[in-house]
Number of protein chains: 2
Amino acid sequence: MLGVDTRNQLIDSTRELLWERGYVGTSPKAIQQHAGAGQGSMYHHFSGKRELALEAVRRSADELLAAAEAQLRGPGTALERITAYLRREREVLRGCPIGRLTQDPEIVADPELRAPVDETLTRLRARLAEVLDEGKAAGELPAGLDTAALAATVVAVLQGGYVLARAADAPEPFDQAVSGVLALLTTHAR
Amino acid sequence: MLGVDTRNQLIDSTRELLWERGYVGTSPKAIQQHAGAGQGSMYHHFSGKRELALEAVRRSADELLAAAEAQLRGPGTALERITAYLRREREVLRGCPIGRLTQDPEIVADPELRAPVDETLTRLRARLAEVLDEGKAAGELPAGLDTAALAATVVAVLQGGYVLARAADAPEPFDQAVSGVLALLTTHAR
DNA sequence: GTCTATACTTGGATAGAC
DNA sequence: GTCTATCCAAGTATAGAC
């Protein structure tokens, strides 16, 4: 195979457009144009917009978890790894390619389309809870902490930070939200 | 005037639909049907979808700030009021009628449509920062806290909580996220 | 103010030729 | 595998009658 094949071009274009415009805002025609593919080509590889979206969402989901793992599996204490994850370089104004899908009525109404979104955020929370548990075990964090709740808080700060940044058309509120939760977390570390 | 006039019916219907389906997902026809109004009626009162949305967003924005004020201006210490605000009854699975608009490409691309969204979340943060400042002044919270950052965190937890809940199709992750940040905040109170 | 008719574009997909 | 032609509904709006 030489170069990228059409099928993958279509999937990648769909990922981009879903990120930028969501499911209801993305038309087959737009996907084709972005991918440089014709109608026939798209409908040869996929049954339609929905199937294409399904594949696109699954890939974005896998990528998001892998990216998180890169920070969380890294070196350092539990809190250092959480900090690295929260502070990692992000395209804040673009928002989260997975989280943004939760605002799409046709995604949440379709169990198959919602499933990868749900799994991704659920696993992310579970993984963060693990890291927080390590912090507890190491005495970095107080034994009484509800790590599952705290993991949800951490993910929510990211997802909500994107919302604030997009509203303001500026990344600062995102950074503030992250700073705020880190300040709370690290003064618990002793 | 007897009963609700058509103009207001149209605005309220638009508010509902924007909340549920966003701007790109809401058609003039859907608005008319939801409002029980005809085409001519809608285009008599408004120049089109955009103007209607503008009015709808402004009203939802005002309402959101007023609702927040109800908790934040209430009785109790700063932390008690923040807690009341975070724990207030919410239709979690519907998400935030203002925050959800930040995921709409046509809203954020249009300065006039984005403005009320931006103002609402910015004011909300400012108001929360005030309350947190009161908590600092009262010795409830450590003097070193960055209240602007913390206010962003609080709003982000709400906005992100909605995202997690909608992904899971269940309110629990929202409640966890709130619990987590409250646990951090209240153990700082001394 | 509201209704119906009309218009043009886009969305989403199928059919059949190459 | 890809292209072009075709199809029908929906989106978004204007025109003019009542």
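Below, chains carry the letters A, B, ... as their sequence lines are ordered, and counting in each starts from 1. Reckoned from all heavy atoms, side chains included, excluding hydrogens, waters and symmetry mates.
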(message) Closest approach to the side chain of B:His44, judged atom by atom: which nucleotide of D:dG1, C:dG1, C:dG11 is it?
(response) C:dG1

(request) Starting at atom CE of A:Met42, determine the distance to atom C1' of C:dT14, rounded to an integer number of angstrom. (result) 12 Å

(message) I want to check one thing: is the phosphate of C:dG12, taken as OP1 and OP2, less than 4.0 Å away from some side-chain N or O of A:Lys49?
(response) yes

(request) Consider only side-chain N and O atoms of A:Arg87 and A:Gln71, and report whether a donor and an acceptor are under 3.5 Å apart. (result) no

(request) Please determine if a side-chain N or O atom of A:Thr6 lies less than 4.0 Å away from the OP1 or OP2 oxygen of D:dG1. (result) no

(request) State plainly whether the residues B:Arg15 and B:Glu63 are in salt-bridge range, i.e. N to O under 4.0 Å. (result) yes

(message) Nearest to the side chain of A:Ser41, heavy atoms from C-beta on, is which of D:dT12, D:dC3, C:dA13?
(response) D:dC3

(message) With a 4.0 Å limit, can you tell me whether B:His45 has a side-chain N or O closer than that to the phosphate oxygens OP1/OP2 of C:dT2?
(response) yes

(message) Could you tell me how far apart B:Gln39 (CD) and D:dG11 (C1') are, to the nearest whole angstrom?
(response) 10 Å

(request) Check the distance between C:dT4's P and B:Tyr43's OH and give it to me in whole angstrom. (result) 16 Å

(request) Look at the side chain of B:Ser27 and decide which nucleotide, out of D:dT12, D:dT2, C:dG1, has an atom nearest to it. (result) D:dT12

(request) Assess the side chains of B:Arg94 and B:Tyr162: does a donor N or O sit below 3.5 Å from an acceptor N or O? (result) no

(message) Can you measure A:Phe46 atom CZ to D:dT2 atom C1' for me and round it to whole angstrom units?
(response) 15 Å

(request) Take atom CD of A:Gln33 and atom P of D:dT2, then tell me their distance rounded to the nearest Å. (result) 17 Å

(message) Rounded to whole Å, how long is the line connecting atom CZ of B:Arg21 with atom P of D:dA10?
(response) 13 Å

(message) Rounded to whole Å, please give me the gap between NZ in A:Lys29 and P in D:dC8.
(response) 17 Å

(request) May I ask you to decide whether A:Arg50 forms a salt bridge with A:Asp110, counting only side-chain N to carboxylate O separations under 4.0 Å? (result) yes

(message) If I take atom CD1 in residue A:Ile31 and atom P in nucleotide C:dG12, what distance separates them, rounded to the nearest angstrom?
(response) 9 Å

(request) Flag the pair B:Glu55 and B:Arg59 as a salt bridge only when some basic side-chain nitrogen lies within less than 4.0 angstrom of an acidic carboxylate oxygen. (result) yes

